[in-house]
Amino acid sequence: MQNYNHQKIEKKWPHKKLSADRQKEAGFLRGKQKEYDHKVIERKWRRYWENKKIYKAADKNRSKQNFYTLVEIPYPSGNLHVGHWYAFSVPDIFARYKRMWGMNVMFPIGFDAFGLPAENAAIKRGLNPKKWTYDNIKYMENQLRSMGASFDWDRKIITADPEYYRWTQWMFLHLFKKNLAYQKETQANWCPSCKTVLANEQVVSGRCERCDSEVEKKNILQWNLKITDYAEQLLNDLDELQWPEPIKESQRNWIGKSEGAEIKFQISNSKSQIPVFTTRPDTIFGATYLVLSPEHEKIPNYNHQITNWDEVIRYIEQSKKKTEIERTAENREKTGVELKGIKAINPATKEEIPIFVADYVLSGYGTGAIMAVPAHDERDLEFAKKYNLPIKQVIAPFFIDKDNPPKEEKKWSPRKAVQAVIKHPEKDEIVQIHWKKMPWKTLVIGGVEEGESFEEAVIREVREETGFKNFRKVEKLGWEIRSQFYAEHKDINRDAHVQVFIVELEDLEQDKLSEEESEKHTVNWVPTSDLEKTFWPISELPEIVANIKNRKYVFSGNGKLINSSEFNDLDSEKAKDEIIKFVGGTKKTTYKLRDWGVSRQRYWGVPIPIIHCEKCGQVPVPDKDLPVKLPEIKDYLPRNDGKSPLAKAEKWVSVKCPNCKGKAERETDTLDTFVDSSWYFLRYTDPKNKKEFADKKKMEDWMPVDFYSGGAEHNTMHLLYSRFWQKALYDLGLVKDKEPYKMRMNRGLILGPDGNKMSKSKGNVVDPDEIVRNLGADTVRTYLSFIGPFNETGHYPWSTDGIVGVRRFLERVWKLREKVTEGENVKDEILFNRTIKKVGEDIQSLKMNTAVSALMIFTNALAKQNTISKKEFETLLILLAPFAPHLTEELWQAVLKKKSSIHQEKWPKFNPKKIGRNMTTIAIQINGKVRAVMEAEGQESEEKIKEMALSQEAVQKWIVGKEIKKVIYVKGKVLNIVLTPAPTFA
RNA sequence: GCCGCGGUGGCGGAAUUGGCAGACGCGAUGGACUCAAAAUCCAUUGGCCGCAAGGUCGUGUGGGUUCAACUCCCACCCGCGGCACCA
C-alpha cells in the first residue's frame, strides 16, 4: 500500500492543498502500520467477539444482577455521524464497565425506521421509502459494527417491520378501547400553495420548507391520545425518579400545572353564562371587562343580540387566517372587537361590563375566556389602554417595615401620603433627598392635607422640597402602596396609604428652597438604578422598582385587597378561597399540556388500525387481522384535500366492517413516529416474540431501564410520551412498572472544529469513517471520552489536534509491551491503587475524561520505568479495556497469550490501605496566602505540624515581629497562620 | 419576557464539593536525534515586575460572608438551549 505523502501530492498539485487535519492524521500512517496497526487489530477482534457472542445478554442469569443500558434508538438517516459515535460509544464504556463488575448487561440497538425523511427522499428523488430506509439500515449497521460497541445484535429491532408495528397497532387499539384515543377536529399546518398538511418539522419559521409560502392553520379531523388524563400522574411521579433535576423541571414546566378557579359570568338579558378560568380570583373586583377567544363556541349563540355581528365575524375570520408569523411577531399589538349589544355581569360588583373577542386569549387553555383585570395583568392593561377601558386597582402592594414593626398595644393611625420619582429632563437620573438629621436617602415624600387630592399633594410636595416647577408629565402609578410601621416620634402605629407618582421634569428651572426646607435636606441627582437603594417603601417592593424602570405600571404580585367592599384589607392569598365562595365559583386546576395529536397524513408510518363504518362508526381492527400492513403505492404526495396518500390506495381502503360486514373504509392516517419509540425498550426485552409484544417474565427481569442516555431535545416530547404510554399500559395491566426509566442522562453535543453546530451548509462536518480509517475506532472512542464530562451541558468542538494526543497515548500503551517482565511487584503502590479507584469511580459517574486522564498518568509513570511487571501491565489493560476494546484485547490475547477475552475479566480491586501517602505536602498559608510548602507525616498532630511550620525559614520571614492570632490546621492539607494585621504606618 | 444551563490559560478541560487554581491533553517555544523533515524523546509554558531569589495580580463584573471563596450569599453583565399572550 502506498504511503500517503501530502508533501509530494501538494508539490504536484499545489491547487489541491490538503487540509492540515488530513496531514496530521496521515502522519500517523507513515511508517507506523507495523507498530500499532489498528486496521488489522480492530477487524480481527470484532470478528472474534461476534463469533463468540460475548456481548449477548442472557435473559436470566441467577448468579448475576441484570442491568439494562439503553441509548435512544437511532433514525436510519443514511450515515453514522460523529454525534452517533458520541451517543453510543460513551454509554458502551459504561456498559462494559458494568459487565466487568459482574453484571448481566443488556445493551441493545435498533432502528426507528418510520418517518418523514424517507418519504421526502421518495417524493424528491423518486425512491421507494421502504427500500431507502432498509438500505440505510444495512449500511449503518456496518458502520455501527465498526465502533466495536458491545451491542447485543440478536436483539435488534426495526420499528417499520410488520412484526414490530403489529404491536404498536395492538397497543393503540387497547388505548382506543379504554377511551384514551379519540378523533377530533384539530388545527394542522396547511400550506395553501402545496395544498398539503405539513409536519411541524416542515414548517421553518412559519413558512413551508418546500415552497416558502406562509403556513396557515386548517382544521382537520385527527386522532389524539388523552395524555392530559395523566397530567397529574406524570407530574407527581417525577418526584420519585432519580433523574437530573433540570430534566424533571423542564417536564414540570411542559405540563404546566396551575391552580385557580372557574367562575361563571352571567350575560345580561340572557339566561346563559360564560365561565372563565383565573388564577387570581382575589382580583375579581377589578375585572372591568371579559374577553373571549375567537374560537369560543358560545359567540354564535349571541348573533341575534350582537349589533355589530358583521364586524365580529370579520375579526374571527381574520384571526383564523393569521399565519404563524403574524401570531408570533415580536411586537404584536393586541387587537379585538367588542361584542356590542351584550354585557356580562361581574359577579362580585354586580356591575355590567363589556365583552370582547380578542385573539390574545387562547382557545385551548382554560375555558377559552378570561376576566380581564387591567390593573394587575400586563396583557389586560395593554388591551385596556388601547380600547380605553377602565383600570381599577384592587390589590395594594403591602409590607411591614421590618426595622420599625408596629407595636401591638399602640393605636393605629391611617395616613395618606404621596411619593414622587422625579426624572431628569435629559439624563437617566432621579432625585434623591438626603436628610441632614436622619441617616436616610428617600424620594420626595409627604402627607396629603385635608381636602387635597393626591395629584395636588404631589405637586405641592415636589415644589416645596426641590423647588422644581416645570413638569412635563405627572403620572400616577396604577397602584397605591400600603405599609405599616411604628412611628416613634408620634408613638403610634402608622397605616400609610402611599400613592406613587412619576414626575418628569420639563427643565431644571428651580425656585430657591425655603430656609426651613434647606435646613432639613439636600436635593441630589442619582442614577435611576439607585432606586432600590432609596429608602422606603418602594425599595422594599422589587416588582415595583422593576416596573418603574421598565415603565410598565402594573402590579401582579400579592398584597392587601382594596376597593373590594367587604374583602378590603384581606391578604390577597387568603382572599382567594373566600371570593370563590362568594361568587359561586369552583376551584379548578388546568394544565398547559395538550392531548397528543398522533395523526399524520403521511405514507411512511404505522397505519392506524381503525375501520370507519357508516353503521357502526369507528371499529377497531380485530386482533387476528393485525398487523394492518402498509400497502405498496407509487405516489407518496398527500392529496389536495389534506388526506394521507394512503387514501389513494382504494383497494386497500375499502373493507368490510368487522362488525356488521357492511361496506366500510380503513382509516388512512398513520401514527406519529413518537408512538413507535414510546415502547421500543419493552420490545428489546423479548424482540422475537410472536404471541405478545414481550413476555411478562422477561419484561420483569429487565424493566425498568437502569440507565437511559439520550439527547436533551427529547426531554419533553419523547420522554413524556413514553412515560405516558408506560402508565397507560400499566393501567391496562400489561406492564408491571409505572415508570419506564430509572435513571436518565443527557449527552452533550459534538460541534464542528470551528465551534459551531456541524452542518453541511457550514462545511464543518467531521466524517467519522475517515477518521476511523486513519486513526482507528479505539482512538475515536477514547478521544470522545476524553473531550469532557458526559452530560447535557457539554458542547465540545471536535479537535483534530486533540485526537492526535489520544492516539499518542494509545501508542505509548502499545509500546509498553516491550518492557513487560514476569512478576507481581508494583513499583508505585499508591499510584497503582489510586488509579484503579479513580478510573472506576469516574466511569460510574460518567466523568470519562478524568478516567482517561488517570490512565494517562499511570501510563506515563510506567513508561518511565525500565521494566514493568505483568501485574502492572495487566491491570492497566483491564482499566483501559472499556475505552479501547480492540487494542487491549490484542495485547491481552496476542501479546500476553491469554486464553479468553479481556472483556470477560473482572474489574480489579484496589487496596484501600494503599491510597494515602504517609508523607504528604502541606501548604502553609499566612493570612490565607500560600507562603510555603513542607513535607510531613499525614497523621502527625496539629501541635507538631505547627511547630514544623513555624521553624520554616520562608514562614519565619513573614511572622517576625507579628502576633499570631490563630492557627487553623486542615489535616494533611493546609495550615493557615492568621496574624494580626500589620500596624499601619503612623 | 419566562424557564433551564453555562462563563477558569492561546484551546478542550481539572480542582477530593470551602482548603496549594490551571491535573491530563492540545498548541506554542527551546533542545536532542536527522543531510533535512516527519515521528519520537527532554525542558519551559496564566499575566505583570525582576538578572535572580522572589514579589504581585488572577476563575465574567461589583459587593458580602469566612482564618480561607472557582466553590456559599446578594445584585448585575454576557453566551447557549427551550418556551413564548397559558389568564
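Scope of the values below: all heavy atoms of this structure, side chains included, with no hydrogens, waters or symmetry mates. By convention in this document, chain letters (A, B, ...) are assigned in the order of the sequence lines, proteins followed by strands, and residues within each chain are numbered from 1.
Nearest to the side-chain atoms of A:W254 among the listed nucleotides B:C83, B:A14, B:A68 stands B:C83. The side chain of A:I787 sits closest to B:G12 out of B:C20, B:G27, B:G12. Nearest to the side chain of A:I968, among B:G19, B:G12, B:C26, sits B:G19. Distances were taken from every side-chain heavy atom of A:S258 (C-beta onward) to each of B:C24, B:A14, B:A87; the shortest belongs to B:A87. Among B:G25, B:C80, B:C85, the nucleotide with an atom closest to any side-chain atom of A:H795 is B:C80. Distance from the side chain of A:R931 is smallest to B:U56 among B:A21, B:U56, B:C24. Each of B:G4, B:A87, B:C85 was ranked by its minimum atom distance to the side chain of A:P246; first place goes to B:G4. For A:M856, whose side chain is taken as the heavy atoms from C-beta onward, the closest listed nucleotide among B:A87, B:G55, B:G25 is B:G25. With distances taken from any side-chain atom of A:K929 to the nucleotides B:A23, B:G19, B:C57, the minimum falls on B:C57. You'll find that the side chain of A:Y796 is closest to B:G12, out of B:G12, B:C24, B:A14.
A salt bridge links A:E841 to A:K837: one of the charged nitrogens lies within less than 4.0 Å of a carboxylate oxygen. A salt bridge between A:E818 and A:K815 is absent, with no side-chain N of the basic residue lying under 4.0 Å from a carboxylate O of the acidic one. Ion pairing between A:R747 and A:E792 fails under the 4.0 Å rule for side-chain N and carboxylate O. Under a 4.0 Å N-O distance rule, the pair A:E249/A:R252 qualifies as a salt bridge.
Note: CD (A:E249) to P (B:G81) measures 21 Å, nearest angstrom. We find that CZ of A:F383 is positioned 19 Å from P of B:A87, with the value rounded to whole Å. Counting to the nearest Å, the C1' atom of B:A87 and the CG atom of A:D359 are 15 Å from each other. With rounding to whole Å, A:I255 atom CD1 is found 20 Å from B:G82 atom P. When the C1' atom of B:C2 is taken as reference, atom CG of A:D377 falls 14 Å away, rounded to whole Å.
At the heavy-atom level, A:V373 lies nowhere under 4.0 Å from the strands shown. When heavy atoms are screened at a 4.0 angstrom cut-off, A:V930 is found touching the sugar-phosphate backbone but no base atom. Backbone-only contact: A:T793 has heavy atoms under 4.0 Å from sugar-phosphate atoms and none from a base. Residue contacts for A:N860: at a heavy-atom cut-off of 4.0 Å it reaches the sugar-phosphate backbone alone, with no base atom in range.
Comparing the P positions of B:A43 and B:G50 gives a spacing of 29 Å, expressed to the nearest Å. Taking atom C1' in both B:U65 and B:U16, one finds a spacing of 24 Å when rounded to whole Å. Using atom P as the reference point in both B:U29 and B:G79, the two lie 34 Å apart (nearest Å). For the P atom pair drawn from B:G31 and B:G81, the interatomic distance equals 45 Å after rounding to whole Å. To the nearest whole angstrom, the two P atoms, one in B:G19 and one in B:A68, are 14 Å apart. Straight-line distance between the C1' atoms of B:A28 and B:C73: roughly 41 Å, to the nearest whole Å. A gap of 12 Å separates the P atoms of B:C76 and B:G1, to the nearest Å. If you take atom C1' in B:G55 and the same atom in B:C5, they sit 40 Å apart, rounded to whole Å.
Below the 3.5 angstrom threshold, one finds no donor paired with an acceptor across the side chain of A:K965 and the base of B:C67. Residue-to-nucleotide contacts include no donor-acceptor pair under 3.5 Å from the side chain of A:D801 to the base of B:C26.
Residue A:N849 has a polar side-chain atom (N or O) positioned under 4.0 Å from OP1 or OP2 of B:A14. Contact annotation: A:Y360 does not reach the phosphate of B:A87 (side-chain N/O to OP1 or OP2, under 4.0 Å). For the pair A:R812 and B:U40, the criterion of a side-chain N or O lying under 4.0 Å from OP1 or OP2 is not met. Under 4.0 angstrom from either OP1 or OP2 of B:G25 there lies no side-chain N or O belonging to A:R808.
The closest donor-acceptor contact from the side chain of A:R817 to the backbone of A:W814 lies under 3.5 Å.
Pairing partner, B:G6: B:C78, with both Watson-Crick or wobble hydrogen-bond distances short of 3.5 Å. Pairing for B:C70 is absent, with no Watson-Crick or G-U wobble pair whose two atom distances lie under 3.5 Å. Of the nucleotides present, B:U44 is the one that pairs with B:A28 by Watson-Crick or G-U wobble criteria, both distances under 3.5 Å. Judged by Watson-Crick or G-U wobble contacts below 3.5 Å, the nucleotide B:G1 has B:C83 as its partner. A 3.5 Å limit on both hydrogen-bonding distances identifies no Watson-Crick or G-U partner for B:U17. Using the Watson-Crick or G-U wobble rule with both distances under 3.5 Å, B:G50 pairs with nothing in any strand shown.
A:L238 approaches A:L234 most closely through the heavy-atom pair CG-O, 3.3 Å.
Checked by atom type, the side-chain pair A:N746/A:N715 shows a donor-acceptor distance below 3.5 Å.
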Stepwise ring-ring contact (aromatic ring centres under 6.0 Å, His included) check, A:Y783 with A:W798: CA-CA 10 Å; A:Y783 171 64; A:W798 181 272; 5.0 Å; yes
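Figure legend: A:K334 and A:F383 shown without cation-pi pairing, the cationic atom not lying both under 6.0 angstrom from the six-membered ring centre and within 45 degrees of its axis.
For B:U17, the glycosidic angle deviates from 0 by 90° or less, giving a syn base. Classified by its glycosidic torsion, B:G9 falls in the syn category, the angle being within 90° of 0.
Nearer the 5' end of RNA chain B, as judged by each residue's closest nucleotide, is the contact made by A:G788, out of A:G788 and A:T278. Between A:F786 and A:D380, it is A:F786 whose nearest contact on RNA chain B lies nearer the 5' terminus.
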